[in-house]
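Below is one structure, written out as structure tokens; the observations come after it.
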Amino acid sequence: MWKGAIEDAIRKIKQNIIKYPGKLPHITEGQRYEWGDNNDWIEGFYVGMMWLAYEYGQDSFYKEAAESYLTNFKERLDGHVALDHHDIGFLYSLSAVAQWRVTGSDAARITALQAADTLLARWRPRMGMIQAWGPADDPENGGRMIIDCLLNLPLLFWAHEQTGESKYYDIAMKHALQSQKFLVRGDGSSYHTFYFDITNGNALRGGTHQGYQDGSTWTRGQAWGIYGFALAYRYTKHEAFLDTAKRLARYFIERMAEDAVVYWDFDVPIDEGTPRDSSASAIAACGLLELLELMEDRDPDRMLFENALNRSMSALVEHYSTMDLPDAEGLLKHGSYHVRGDRAPDDYMIWGDYFYLEALVRLEQGIKGYWYES
Ligand code: GLY
């Protein structure tokens with residue numbers, strides 16, 4: 001059923017590889033990715049898509065293309081280029097860890113472990129969290145964590161499996177617990193970010209960066225939470241993470257728009273011009289796939305989650321994909337990056353493309369992403 005969408009996606013990945021050799025996509029401007037160097041938080045998604053394409057069809061074109069980026073990712077780590085943030089997990093899980101998983105490459109494994117150490121250096125023990133952005137003494141961001149970070153934790157869980165060193169596991173576990181305590185609200189909604197006092201570690205307040213307002217629920221943050229807590233449960237078997245992921249999922253599903261794809265924030269006033277975030281729906285679909293695998297067969301939420309997954313993925317394929325645009329660079333229309341900041345409020349998002357393809361190949365062939373233990 002999903003085959004046509006996968007084949008169209010894989011053809012577009014090839015088109016981009018041929019058109020922009022050695023380059024990496026950045027945030028979009030007018031339905032085109034900006035193609036540049038490895039210096040943002042999102043480059044891993046492009047390489048991750050090449051690995052998914054290779055795993056799906058075994059065409060060595062994609063494997064060779066993905067492998068050609070490893071040196072570049074390693075040099076970025078060595079030079080600490082634009083790595084003053086926590087998204088080292090996104091960057092290196094989908095490039096180096098993926099390469100190691102698919103090919104067993106030692107060089108990829110070493111790079112991925114180096115990345116895990118770089119991420120570990122962002123641990124702030126006084127606050128019990130991995131700092132999201134900026135240097136440790138940053139006055140605004142020094143005490144700030146964000147819900148997106150849950151997707152960076154699998155790199156640490158993986159490093160623990162590889163080395164047996166407990167520091168990776170302990171920090172990932174503590175950060176997940178802190179996220180659960182301060183980012184998830186009682187009704188199953190979430191804060192995008194949370195601040196602590198850097199002088200004494202005290203919890204201060206929830207807030208947002210990309211959402212509508214501080215107390216609102218940014219839909220992509222909620223989607224990161226669904227998938228992130230499900231993965232935290234996969235690695236730790238700490239039951240409360242599964243429960244949290246399910247609560248976040250129910251909140252998300254109950255507030256999906258008529259067509260089963262979300263707007264950019266659950267609390268934003270809706271009119272005909274309100275942007276969607278198709279990338280949030282793609283991430284949530286991956287989270288639901290993960291939950292459906294982890295939860296009991298007789299779990300009362302199973303039917304709700306299965307229906308939501310099928311409705312969302314069908315809507316993405318039929319109404320949001322670029323299957324009608326053979327020359328498009330992106331796979332999913334109507335993602336939003338930063339609506340209030342007027343940065344790509346309605347465009348392709350490379351992570352939307354990645355998670356859309358991840359969900360499709362998992363639905364069609366049971367291929368997983370690169371967040372899992374081997
Ligand atoms: N992790 C940043 C974002 O989702 O925009």
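Residue numbers start at 1 and run along the sequence shown. The figures that follow rest on heavy atoms only: side chains count, while hydrogens, waters and symmetry mates do not. One-based numbering, in listed order, for ligands and for the atoms of each.
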Can you find an N/O atom of [X] closer than 3.5 Å to an N/O atom of ligand 1?
X	answer
Asp148	yes
Gln210	yes
Trp218	no
Trp224	yes

Taking the six-membered ring for Trp and the single ring otherwise, decide whether the centroids of [X] and [Y] are under 6.0 Å apart.
X	Y	answer
His338	His209	yes
Tyr168	Phe157	no
Phe252	Phe266	yes

Checklist line | Partner set under ring-ring contact (aromatic ring centres under 6.0 Å, His included) for His85, not counting sequence neighbours | finding: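 Scan of His85 (ring-ring contact (aromatic ring centres under 6.0 Å, His included), adjacent residues dropped) gives none.
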Item checked: Stacked cation flag Arg144 on Phe196, 6.0 angstrom / 45 deg ->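 Output no; distance or angle outside limits.
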Next item on the list: Please could you name the atoms of ligand 1 that Tyr337 approaches to less than 4.0 Å, counting only its heavy atoms?
Entry: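 Atoms satisfying the 4.0 Å criterion: 5 (O).
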Note to self: Testing the basics here: between Phe229 and Ala245, what is the closest heavy-atom pair and its distance to 0.1 Å?
What the structure shows: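 Heavy atoms of Phe229 and Ala245 come nearest at CB-CB, 3.8 Å.
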Checklist line | Part of His338 with heavy atoms under 4.0 Å of ligand 1, whether side chain, backbone, both or neither | finding: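 His338 to ligand 1: no contact under 4.0 Å from either part.
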Next item on the list: Check whether any heavy atom of Trp133 sits under 4.0 Å from an atom of ligand 1.
Entry: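 Judged by the 4.0 Å heavy-atom criterion, Trp133 does not count as contacting ligand 1.
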Item checked: Residue, atom name and distance, where the atom is the protein heavy atom closest to atom 4 (O) of ligand 1 ->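 Ranked first by proximity to atom 4 (O) of ligand 1 is Arg220 NE, 2.8 Å.
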